[in-house]
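The structure appears right after this line, and notes come after that.
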Amino acid sequence: MPLRPPIELRCEYLAEPLGVDTSAPRLSWLLESPVRGGRPKSFQVLVSSARELLRSDIGDFWDTGMVAAGEAPALLYAGEALQSCARFFWKVRWWDREEQASPWSEPASFVTGFLYEGDWKAKWIGARQVREFRSKGTVLLGQAGADDTQACAVYLRREFALKEKAALAVVTISGLGHYELRLNGEKVGANVLDPGWTDYHKRALYASHDVTALVRDKNAVGVILGNGRHTGSYGYDGPKLACRVEVECENGERIIVFSDESWRTSAGPLQENGLYFGERFDARILIDGWDQPGFDDRAWDRAQTVPGYPLVSQMMPPVRAAERLPAKSVTRLASGAYVFDFGQNFTGWTRLTVEGPMGAEVRLRHAELLNDDGSLNVGPNENAEATDVYILRGGGTEVYEPRFTYHGFRFVEMTGFPGEPGLDALEGCFVHSDVERTGELRTSNDLINGVHRNTVWGQLSNLMSIPTDCPQRDERHGWLGDAHLSAEEAVFNFDMTAFYAKFLDDIRLAQKEDGSLPDVAPAYLPRLYPADPAWSSAYATLAWLLWEHTGDSRVIAKHYASLKRYIDFLGQNADRHIIRKLGKYGDWCPPGSVVPKKAPVELTSTWYYYHDVLIVGRMAGVLGRNEDVQRYGKLAESIKAAFNETFLGESQYAAIRVSPVDNHPNQTSNALPLYLDMVPLDRKDKVLESLVQSVVRLQDYHVDTGILGTRYLLDVLTSNGHAETAYRVATQKSYPGWGYMLAEGATTLWERWEKLTGHAMNSQNHIMFGSVDAWFYRTIAGLSPLLPGWKAVRISPHVMGDLSFAEARLRTVAGKVRSAWKRTEDAFVLDVAIPVGASGEVHIPLLWHGAKIFESGKLLWRAGHAVDPVPEITLAGDDGRRVVFRTGSGEYTFELKKSG
Ligand code: BGC
């Protein structure tokens, strides 16, 4: 059978990226084969400077020849030195063990960013005089009521001419806080709220846009700058731009236009803009043709050069209005206002279509909830006004979409609309970092499907170039705890590699001299140093998660030194290995509270110290630093001993006691040490019993955990023989539980277990309880990477409760993985798919005594023994509850039949 060509070519984990600013980018692809046991023996990659060369199989920049297939279907570029701002074309083919060659893949390309110091050259520019306004509300959490000075949007423009036809035209741009780039009257690209957030003193991100199709002989570049997280209380200064247009003409000539004093600036119709309070756009003062060539800008000011920031390419999926949502209903209130319901809590804004007289003012307020009388309940927004105002120009249909704000909402109140708005007067725009969906999950249980669905909505709503805590109130920061607790779920559902790689850099750059990390990154809130160790664990946890899911050790190599400094910092702040001082939030948001009610903060802080030391020790192993392996191994042992000595009682770990007769075990205190196997063997059964007692007897199959305990509880129950109990907790319909949120109409996940509709700490769209979705993938579908980068896949489904089927599909870096099972009265059928070049470890649960296992019709196993040999399947053993097989790559159908 002929081999299939490689598919899904990626450069640095991105499809067709622009702005690649590493000189040795990672090129990767996926292999598919209908044959079992398919394994690549070698690959060949060609990288060319021209499409035609590649077509003729010439790799003028790199021709690897036939190279042995390494660990992953990927190579780090090692050809001729790449030039900045140039497009490269590449393709790949593979040979199998029988030396059969595949056809070449379809070509892919990447455009480089600035690879060498000094390549950028553009100056940072801004307006000489920025018009300002006092903003309402706050821009920083904890400054409720404090007024802030914000800038009116700044409009900038510059024209340029081309004599020759463009072969490649690229605009490289960073506009702070955010920019909208226009060329010859059109918005360039689909990015919004660009560039992604960073600590600008450390680095600002630039994006690259291919504008070859837009350039003509006469051109005008127009840029609008908004405030974002740059202006005002954030501690940076006014809106600023660095921009460079580079055109390579067909005759080889290069034209480069930089941002400099020759650009012109003006204020414009976008009068006010702020992330939290919204926008005010006055269409009466639209400047016709300002972004077109030939516009008379003599009345505009000259731009001036301003101090800038270091620039780094935005090598991550940009924020986009990725999905449009129609309104489900519109209701007229007694006050005359209209309330639109989108039927879904989400992040972004609405697109307004309106016709009416000049000066009519349409006001849009956003909220997650309604009051009983149908009016907006803006309680969860706290100090975020979340209001967009559009003033009509008059004389035809007008369409308005905000640019430099976003809201977290399901409902929109509209006032001032001329006439009666139809449902189509507003369209929802779901705005988030446009990460690729790579995981799907479906089960026979609607509650689980509902929780999964809400998690996916909640996760996307909280990806806004950083992982945010929530999208609706005046917060929306990169809280490290929220990020790492939900990260595994995110990695199952989406390709998060480039996104988290950027966030890890945010964390690394936020590290202080003393090794400490902040609770949020970028560290816009300076008072949040040093972090609660349960929050700053994101640094080690995310880096390790990326390594597990990609097998790309660059992430470990890059962060290792900083992680060591962080561990040293924890050590310096420990009192005989116990962290007593750094904890602040601990097991945050348990039932009935924001602050922990049962698990002591010292216990959770010290547990994370141990957790992170273990990870950094494992990283040392990956990097071959044997001395560090020893060192962290010893340190971990000492922390574990101190932890048990300090917190372990006769049969349970320490709890916050509310009265002298309170000796009840709680879940978090006991689940955490069980999760990391810290409990001395002679006490393990008792501790487990305490945990189960808390879940079953004290809480009647409900959680009593905050966000930390919740992340680990279900795993601990499952791996200690209590999967059915875990299932009952996960599918619990009453309070507190995920099913309760569903029953109360949630369409995302809440910040608290309670349905709170008032003001303060009751976001309806937090992602930190989303960790349950990873448990669905790992336990119900049974999918996990057994080796980094999914080179070996474990498929170990748990057949629990009322489940009759479950299916999960993943696109991993190794290829497509699938686990789909169904159970009937007398059979259990499991379909699996293992990527080419990977191996599988398939666990078949022995549901019936005396059952037999078949694969594609052949009797594979009976009563503890392998029967018919099937190529690519070997029996690895059974423990009376599960039979384990090892497989090669390919698709398999295992069938367990009740004998009779
Ligand atoms: C955020 C949380 C965050 C917490 C720190 C809150 O205001 O919304 O999700 O982790 O502060 O405790």
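Keep in mind the model is a prediction, meaning the values are calculated, not measured. Numbers here are sequence positions counted from 1. Atoms within each ligand, like the ligands themselves, are counted from 1 in listed order.
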Subject >> From the candidates Glu751, Glu475, Met768, the one that places a heavy atom nearest atom 7 (O) of ligand 1 >> reply: Glu475

**OP:** Answer with yes or no whether Met761 contacts ligand 1, where contact means a heavy atom under 4.0 Å from a ligand atom.
**Re:** yes

Subject >> Residue of the set Trp753, Phe769, Tyr735 for which ring pair (Phe, Tyr, Trp, His ring centres under 6.0 Å) holds with Tyr740 >> reply: Tyr735

Original post:
Is it true that Asp341 and Arg410 have a side-chain N and a carboxylate O under 4.0 angstrom from each other?
Top reply: yes

**OP:** Determine whether the side chain, the backbone, both or neither of His766 has a heavy atom under 4.0 Å from any heavy atom of ligand 1.
**Re:** side chain

Subject >> salt_bridge(Asp587, Arg711) N-O dist < 4.0 Å >> reply: no

Original post:
Can the positive tip of Arg473 be found less than 6.0 Å from the middle of the six-membered ring of Tyr276, inside 45° of the ring normal?
Top reply: no

Original post:
Between Tyr585 and ligand 1, does any nitrogen or oxygen pair lie at a separation below 3.5 Å?
Top reply: no

Original post:
What is the distance from atom CG of Leu376 to atom CD of Glu413, rounded to the nearest 0.5 Å?
Top reply: 4.5 Å

Original post:
Do Trp479 and ligand 1 have an N or O pair less than 3.5 Å apart?
Top reply: no

Subject >> Close approach of Arg473 to ligand 1, heavy atoms, under 4.0 angstrom >> reply: yes

Subject >> Enumerated ligand 1 atoms positioned under 4.0 Å from heavy atoms of Asp469 >> reply: 1 (C), 8 (O), 9 (O)

**OP:** Count the heavy atoms of every other residue, nucleotide or ligand shown that sit under 6.0 Å from CG of Asp372, and state whether that count exceeds 12.
**Re:** no

